[in-house]
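If you're wondering where the values come from, they're calculated on a predicted model, not measured in any experiment. Quick note on labels: first sequence line is chain A, next is B, and so on, each numbered from 1.
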Amino acid sequence: MQLNDAQQHAAEAGGGPQLILAGAGSGKTRTIIHRIGHLIAANHVAPHRILAVTFTNKAAAELRARLSQLIGDDGGGVVSGTFHAISLSFLRRHAEALGYPKSFQVIDADDQKALIKRLLKARNISSDTLHPGYLLAWIEHCKHAALTADVAEAQAWNDIDMRELYAAYQQELLHHERMDFSDLILNTVRLLKEHADVAALLRARFDHVLVDEYQDTNPAQHMWLQLLCSEHRNLTVVGDDDQSIYGWRGADVRHILDFESVWAGAAVHRLEHNYRSTAAILDLANAVIAGNSDRHIKQLRATRDAGETPFWQICQDEYDEARRISAALRHWHQQGVAWRDMAVLYRTARQSLPIEQMVNEAEIPYRVIGGVGFFERMEIKDALAYWALLHGIADALHLRRIANKPKRGIGAVGEQRIVEMLAVSGMSAADWLDTLADGGVGPSAKLASLARLIGEQRSDAMQQPDMGLGRLLQDCGYLESLQAMGEIEAAARRENIQALQDYIAIAAGEGMTPIEFLDRAALLQSGEQVNRGDGASHNETDGETVSLMSLHRAKGLEFTAVVLSGVEEGLLPHQRSLDEGPAGLSEERRLLYVGMTRAKDYLLLTSARMRRNFGDMQFPQPSRFIAQLAPEILAREAVVAEIANPGTDCELNIGSSVRHPSFGEGVILGVEGAGDAVRVSVEFRNAGTKRLMLKYAALEIISIA
DNA sequence: TTAGTCCAATTTTTT
DNA sequence: ATTGGACTAA
């Protein structure tokens, strides 16, 4: 397909700062691809001197795939990756300027939290005084704003100096030779800012930089780009302020709104034709996003026919919702939509459980994208810790992790003493463990047999990096210790470990070093989880599956048919964001907008009248984002009813507001029966949900939805 | 000092 | 419902 004028202008613009405002479905990926192709073919830029920054690893992979399609030759060596992945590759070469060894590793969220907890415990600060999550969130907040501990604004909580704790946390990380995710960005900024020699090398590395999803960059990333591109100024950013959904991660929409003032002389390109969705879907999405005032006014124009009007289905509870979703998926499948072209999206991960159960029961092949990622699983982290020890690249966190797995009679105190002894020794964890082979002192003596085992197996493992892990886990008793969780659970975990071994084998085949493999594991934390549930019985081809994922994960993707589930007050908008005020609410609305604009042909919204939360039940109102929309743009079940107040027949829809003489105001959630026997379910603001005989209820209509 | 039992807090979203 | 943390027995 040809590019349209705006796309072509953007693709063929020369150097200098370029801002591409690209609405949902406006072909921005194609434009980027063509721009890169044009830079190479017409401007003779060497491919390896082009850097493309994407938001997810998946997007980076997609970019590479499409580049090789366009220009062949494996994309010609164009460098692409996430901010984090690219930062890590910079830091691998230059970390020593910051006092880190080149072999530093990345700490994941779990270990990060454990480290913070130990830090607070060592200072006798209880979690009631200062919640670890709160401290961590504040530190992250500083890092997103590119503020190191020495320049962060002092912050006290219950007389505790959080800035001092931030500094201590960094010290602790450095001591463990680890960086957290935010450090990857922040430390790269420090390299560019504080180390002129390194900065010069990094700046000279690329001639052109392109950034996707620019609306979701935080100040640290913004600074990262400014510092990297300040000389050549060949920076192209692509984004859409209506799709900014990462404010909680420090993203600031102003970066895209203010781009022209930061980069003088920037050219602006607007892609305002939507090629993805039917006009009906786009009308609905536009109606929703129009409710936000803090946005660039823009026209996103449909290029497709009206199509089917999106439907809003109100369900009894989350299981009824899940069943109706399954029915819709089946229906679309009968219409000829492939499973892989359908997605069920939700606000929170826990919503996936009932959906998984019902979809599975309906024998629809599915997969959950996200959730607990492969590399975050306990057994995988354990196995990787053993593997790191085997390859001599383990650190204190690895050793601590497996010290008492399987049980070796080492408890919390013993663990602590082992870590202290290791620190005193001044050796790496792997080297220190080797010295214990002849026996150790105190708790470390309990590691002697493990030390001997590793000593015996190491040389074998070094020669064949893909082998060895399974043998070590078997011989040290780890695999057997899994049995304590029950046969089925243990088998699943052994299978995961087997998958890890296969993964390692592939990586080894590619010539990847052990440290590179750990890097990949750290950056790919959140992989896909394939076919949970009874996948074996469906005999589906790989990839022929419906995707279940969070709204955030759906960013940048498109599907023929989309279900947005749980469109309720408290869930979308989420309660936590409502507590954050108007900015939080705007972001929730954008999230809904992002979800709707994923759909090409069919869109179904569902909400439940009742939802089980922890143990107890909740009765959410329909989401404020859709409750007021006319049935012409969002269809729903309608009932013709004669109501006391107007006295005439009228269409009373789900979502209509009514008043009852004693229960007060409420919203119609459902209708059953016919004629005189029609009963309506009404969610009253102050009186809960009631089922009323329409004929006798004396309802007064406030507004018709 | 460790291991097992009971109780509490937890969940918004991700690199 | 699950999981980490505190408490208690050995």
Side-chain angles (χ1 to χ4, degrees), chain A residues 53-60 81-88 106-110 112-114 117-118 121 126-128 131-133 137 140 143-144 179-186 213 216-218 220-221 244-251 345-354 369-373 375-376 378 403-404 406-418 442-443 446 484-485 489 519-527 549-556 566 570-580 584 587-588 590-592 594-595 612-616:
Chain A
V53 186
T54 59
F55 197 73
T56 62
N57 295 299
K58 193 173 178 181
T82 62
F83 275 106
H84 294 86
I86 295 159
S87 295
L88 180 52
V106 180
I107 191 167
D108 73 14
D110 277 351
Q112 194 183 16
K113 199 163 183 198
K117 280 184 182 169
R118 284 202 295 273
K121 191 150 196 177
S126 78
S127 69
D128 293 333
H131 194 86
E140 289 281 301
K143 290 185 176 180
H144 292 152
M179 294 188 197
D180 65 25
F181 272 94
S182 310
D183 281 341
L184 297 178
I185 310 292
L186 181 54
E213 309 282 7
D216 284 317
T217 52
N218 63 36
Q221 291 165 327
S244 168
I245 54 174
Y246 282 89
W248 50 274
R249 217 168 77 185
L345 311 182
Y346 37 77
R347 179 66 178 84
T348 66
R350 75 181 283 107
Q351 287 171 256
S352 76
L353 274 156
I369 316 282
V372 180
F375 287 104
E376 290 168 279
M378 182 192 76
N404 200 35
K407 288 195 165 55
R408 299 186 175 98
I410 302 170
V413 178
E415 233 171 58
Q416 188 56 38
R417 287 198 42 209
I418 284 175
K446 292 168 174 159
M485 293 184 276
E489 184 76 15
D519 281 355
R520 176 185 277 197
L523 292 172
L524 282 184
Q525 301 263 331
S526 32
M549 72 185 95
S550 72
L551 282 162
H552 283 87
R553 287 233 168 213
K555 184 167 92 153
L571 215 43
L572 188 63
H574 195 276
Q575 188 55 48
R576 291 286 265 260
S577 67
L578 290 176
D579 302 340
E580 289 162 15
E587 183 153 313
E588 295 292 301
R590 290 193 292 267
L591 204 44
L592 177 58
V594 166
R612 275 160 275 251
N613 220 0
F614 288 112
D616 52 18

In whole angstrom, what separates [X]'s [atom1] from [N]'s [atom2]?
{"X": "A:Leu345", "N": "B:dT14", "atom1": "CG", "atom2": "C1'", "answer": "16 Å"}
{"X": "A:Gln575", "N": "B:dT13", "atom1": "CD", "atom2": "P", "answer": "15 Å"}
{"X": "A:Trp248", "N": "B:dT11", "atom1": "CH2", "atom2": "P", "answer": "14 Å"}
{"X": "A:Arg576", "N": "B:dT13", "atom1": "CZ", "atom2": "P", "answer": "10 Å"}
{"X": "A:Ile107", "N": "B:dT15", "atom1": "CD1", "atom2": "P", "answer": "18 Å"}
{"X": "A:Ile185", "N": "B:dT15", "atom1": "CD1", "atom2": "C1'", "answer": "8 Å"}
{"X": "A:Met378", "N": "C:dT2", "atom1": "CE", "atom2": "P", "answer": "15 Å"}
{"X": "A:Gln351", "N": "C:dA1", "atom1": "CD", "atom2": "P", "answer": "18 Å"}

Practice problem: Specify whether A:Tyr246 and A:His552 have parallel, tilted or perpendicular ring planes, treating 30° as the upper limit for parallel and 60° as the lower limit for perpendicular. | Solution: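 Rings of A:Tyr246 and A:His552: perpendicular, over 60°.
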Taking side chain as C-beta onward, heavy atoms only, is [X] less than 4.5 Å from [Y]?
{"X": "A:Lys446", "Y": "A:Lys407", "result": "no"}
{"X": "A:Tyr346", "Y": "A:Leu571", "result": "no"}
{"X": "A:Glu588", "Y": "A:Leu578", "result": "no"}

Tell me whether the side-chain N/O atoms of [X] come closer than 4.0 Å to OP1 or OP2 in [N].
{"X": "A:Lys58", "N": "B:dT15", "value": "no"}
{"X": "A:Thr56", "N": "B:dT15", "value": "no"}
{"X": "A:Asn57", "N": "B:dT14", "value": "no"}
{"X": "A:Arg553", "N": "B:dT14", "value": "yes"}

Tell me what [X] touches on the nucleic acid: a base, only sugar-phosphate, or nothing, going by heavy atoms under 4.0 Å.
{"X": "A:Ala349", "answer": "sugar-phosphate"}
{"X": "A:Phe83", "answer": "nothing"}
{"X": "A:His131", "answer": "sugar-phosphate"}
{"X": "A:Lys555", "answer": "nothing"}
{"X": "A:Lys121", "answer": "sugar-phosphate"}

Quiz item: Does A:Arg417 CZ have over 12 foreign heavy atoms under 6.0 Å away?
Solution: no
If you only use heavy atoms from C-beta on, which nucleotide in [options] is closest to the side chain of [X]?
{"X": "A:His552", "options": "B:dT2, B:dT14, B:dT11", "value": "B:dT14"}
{"X": "A:Lys117", "options": "B:dT14, B:dA3, C:dG4", "value": "C:dG4"}
{"X": "A:Lys407", "options": "B:dT15, B:dG4, B:dT13", "value": "B:dG4"}

Exercise. Specify the residue among A:Ile410 and A:His574 whose closest nucleotide of DNA chain B lies further upstream toward the 5′ end.
Key: A:Ile410
Practice problem: Assign each of A:Gly409 and A:Lys113 to its nearest nucleotide of DNA chain B by heavy atoms, then name whichever residue's nucleotide is nearer the 5' end. | Solution: A:Gly409
Quiz item: Is the distance between the ring centroids of A:His574 and A:Trp248 less than 6.0 Å?
Solution: no
